[in-house]
Number of protein chains: 2
Amino acid sequence: MTTINDIAQMAGVSRTTVSRFLNSNGYVSQEARERIEQIISETGYMPSQSAKSLRTKKTGVIGIILPKISTETSSRVVSGINKVMKKKGMQILLTDTELDPDKEIEYLRLLKSRQADGIILLATNIGERLQKEIEALPIPVVALGQEVPGIPSLTYADYDASSDMMQLLVGKDHKKIGFIGVSKTDPAVGSIRQKAYIDVMERQGLEVNESWMAEGDFSIESGYEAMKQIITSNRSEIPSAVFCVTDRMATGAMEYLKEQGFRVPEDIAVAGIGDAVMSKYITPSLTTVDYYNEEAGEAIGEMLLATMEGKNYNKKMMHKYRLIKRDSV
Amino acid sequence: MTTINDIAQMAGVSRTTVSRFLNSNGYVSQEARERIEQIISETGYMPSQSAKSLRTKKTGVIGIILPKISTETSSRVVSGINKVMKKKGMQILLTDTELDPDKEIEYLRLLKSRQADGIILLATNIGERLQKEIEALPIPVVALGQEVPGIPSLTYADYDASSDMMQLLVGKDHKKIGFIGVSKTDPAVGSIRQKAYIDVMERQGLEVNESWMAEGDFSIESGYEAMKQIITSNRSEIPSAVFCVTDRMATGAMEYLKEQGFRVPEDIAVAGIGDAVMSKYITPSLTTVDYYNEEAGEAIGEMLLATMEGKNYNKKMMHKYRLIKRDSV
DNA sequence: CAACGATGTGTAATCGATTACACATCTTCT
DNA sequence: AGAAGATGTGTAATCGATTACACATCGTTG
């Protein structure tokens with residue numbers, strides 16, 4: 001590999017001058033400039049980032065800690081983050097916790113040792129250990145999707161969105177509304193969305209029937225199973241609508257209903273959250289909430305950038321959303 | 001930031017000993033070992049990767065060059081790659097060319113300057129400049145999805161898969177088969193799949209009607225428009241089946257057909273390639289080809305790893321696929 | 001014309017790790 | 001007992017960049 005020393009020698013200048021040329025700071029004569037330029041293009045020389053980072057403490061890399069890589073939400077968010085990082089010439093280092101909370105800490109450390117300039121955390125479980133770890137980290141960290149005490153975060157309006165969706169159902173005169181959620185260990189998706197469901201039911205004086213509530217694990221299949229459980233557990237009294245906390249589970253739920261000969265939305269209405277691409281194309285098309293994930297990615301990227309620059313940024317923000325009314329309700 | 005020197009001092013040993021402890025090579029007494037361990041856990045010290053890489057020329061990072069980040073195929077592939085890299089403690093640096101061929105070269109250089117230990121290229125256009133660049137690169141490069149001369153690559157069996165699909169259509173007695181493709185500048189998706197279409201048509205003695213062929217840009221909407229063009233260009237003679245080179249475009253195409261009151265597959269059959277998740281859940285469910293993207297990601301990851309270790313690896317491979325027969329044909 | 005700022009360049013220290021080499025001590029074997 | 005090997009540790013060079021500092025030259029200004 002050619003180094004800055006090689007270039008300097010070939011161009012007949014000192015490496016200081018080459019460095020100045022590369023970083024366009026300090027003075028470099030037209031003459032030297034041309035010779036260096038020439039040599040560099042001939043050799044295809046690229047400065048070593050390791051050496052540079054060692055000296056400057058800047059790597060030009062930010063880390064993203066994802067719960068799961070191959071998910072529609074993740075890829076939209078990453079795409080948004082990438083969009084703003086690209087403008088700043090920053091690269092993205094991806095890590096994937098596979099929903100294992102210990103890994104979040106592990107990756108936080110790893111990103112520290114790699115001297116990431118910043119970290120974006122899409123966490124699912126925020127424990128005390130995690131918080132301690134983040135506090136001790138000499139690197140700016142921001143969080144998307146869940147509120148993490150002490151650091152800037154951008155969250156989705158889970159409570160409001162879920163309430164709105166429930167209101168929509170209630171507005172269509174549904175009284176018996178079922179619920180398909182996920183484990184409460186996930187604060188945003190598992191806990192808040194369920195709370196909104198229960199609150200709206202109670203506020204409306206509607207009965208929250210335990211047998212109309214089921215839990216899935218985000219997968220389409222689990223939505224199918226959850227719906228099956230709801231329908232079969234109490235044949236005599238089934239809900240007239242079911243609110244699912246994700247589009248994927250809603251899709252599975254609808255599959256089961258269609259299979260069993262129920263008409264959606266006439267017999268049972270189904271609603272989801274997340275606006276997966278497929279939601280528009282399944283039959284009936286799914287009523288859902290768009291969280292603008294890509295824009296949220298851009299926004300959290302900007303927040304990280306601002307935090308890295310030491311700007312006093314608005315610490316806690318909530319991202320916009322919109323209800324998409326389609327045919328399943 | 002604490003450095004190895006700080007640790008050494010606090011533990012009362014030389015930094016050499018600390019380094020030996022960290023890398024578990026050379027001898028370190030039980031006593032020293034314990035003191036060092038103690039100090040490290042107290043301080044939360046993590047060795048600087050930049051310094052380490054500068055010395056060892058290994059970064060533990062591989063780069064992936066993607067045409068587009070937020071795509072189902074990409075995220076599946078990345079997930080597969082991640083799976084094998086994780087086992088080796090390797091991290092992934094993501095770059096996204098946004099389908100711009102110049103960026104492929106730019107990112108190749110960038111990954112070189114970041115001293116990536118290896119590169120996985122999911123290219124779309126392989127020009128001569130790109131090839132030259134790769135040859136000159138002192139880093140192992142492998143390609144997925146398109147064949148790149150001179151480097152190990154894993155390709156999808158585009159020709160065979162497309163032929164099989166066409167055979168399926170022909171076997172169902174379709175004589176007038178349309179085609180929705182993409183620009184031929186994309187060798188695999190644009191060129192090879194179309195060639196398979198034309199070859200099968202000709203081999204079967206079927207007429208290739210230009211007005212039954214249209215071109216999209218991978219998007220669902222473009223599939224819709226392409227189908228519209230096919231139907232409206234020649235009302236008197238429309239195809240009885242249409243082969244689409246991607247599931248997304250097939251989905252758009254079906255949307256148009258359903259909107260216009262055509263029955264799928266009775267009036268017009270539709271087939272796609274790629275097995276998007278949604279394909280199973282739209283109505284009618286889409287007949288398509290599964291390319292096992294995640295496994296392909298694992299495979300290309302293994303190939304890169306092997307190449308990095310200098311193993312004499314089987315240079316050109318083709319990944320398996322399977323036809324999924326569903327209701328749209 | 002003396003002084004000063006702008007321009008252009010080089011010397012050498014530094015960042016935080018790894019590692020070749022040297023040296024000391026302790027075991028073990030013949 | 002003496003040699004050979006195993007064990008344990010430290011010294012110092014090195015990786016490839018950046019940058020403070022020093023110095024030289026040149027044009028301009030009062």
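We name chains A, B, ... by the order of the sequence lines, and we start the count at 1 in each one. Reckoned from all heavy atoms, side chains included, excluding hydrogens, waters and symmetry mates. Please read these numbers as outputs of a predicted model, since none were measured by experiment.
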Inset, instruction - Starting at atom CZ of Arg114(B), determine the distance to atom C1' of dG16(D), rounded to an integer number of angstrom. - result: 15 Å

Inset, instruction - Answer yes if the side chains of Tyr107(A) and Asp96(A) hold a donor-acceptor pair under 3.5 Å, and no otherwise. - result: no

Legend entry - Note, Leu66(A) side chain near Thr71(A) side chain (heavy atom, < 4.5 Å): no

Inset, instruction - Taking atom types as modelled, find out whether Thr155(B) and Ser153(B) have a side-chain donor-acceptor pair closer than 3.5 angstrom. - result: no

Legend entry - Residue pair Ser79(A) / Glu294(A), side-chain donor-acceptor N/O under 3.5 Å: yes

Legend entry - Under 4.0 Å protein heavy-atom contacts per nucleotide of nucleotides 17-24 of chain D, with B for base, S for backbone only and - for none: BBBB----

Legend entry - Side chain to side chain, Glu135(A) and Lys132(A), heavy atoms closer than 4.5 Å: no

Legend entry - Length of the line joining Met1(A):CE and dG16(D):C1', which is rounded to integer Å: 10 Å

Legend entry - Residue pairs, two or more places apart or on separate chains, that pass salt bridge (charged side-chain N to carboxylate O under 4.0 Å, His left out) and touch residues 102-117 of chain B: Glu98(B)-Lys103(B), Asp102(B)-Arg129(B), Arg109(B)-Glu133(B)

Inset, instruction - Check the angle between the aromatic planes of His319(A) and Tyr292(A) and answer parallel, tilted or perpendicular using the 30° and 60° thresholds. - result: perpendicular

Inset, instruction - Take the protein atom CG of Leu54(B) and the nucleotide atom C1' of dG16(C), then report the distance between them rounded to whole Å. - result: 9 Å

Inset, instruction - Mind calculating the distance between CD1 (Ile36(A)) and C1' (dT9(C)) to the nearest angstrom? - result: 11 Å

Legend entry - Exercise: do Gln30(A) and Glu34(A) side chains pair donor with acceptor under 3.5 Å: yes

Detail all sub-3.5 Å separations between protein N/O atoms and N/O atoms belonging to nucleotides 5-8 of chain C.
{"from": "dT7(C)", "atom 1": "OP2", "to": "Tyr27(A)", "atom 2": "OH", "distance (Å)": "2.8"}

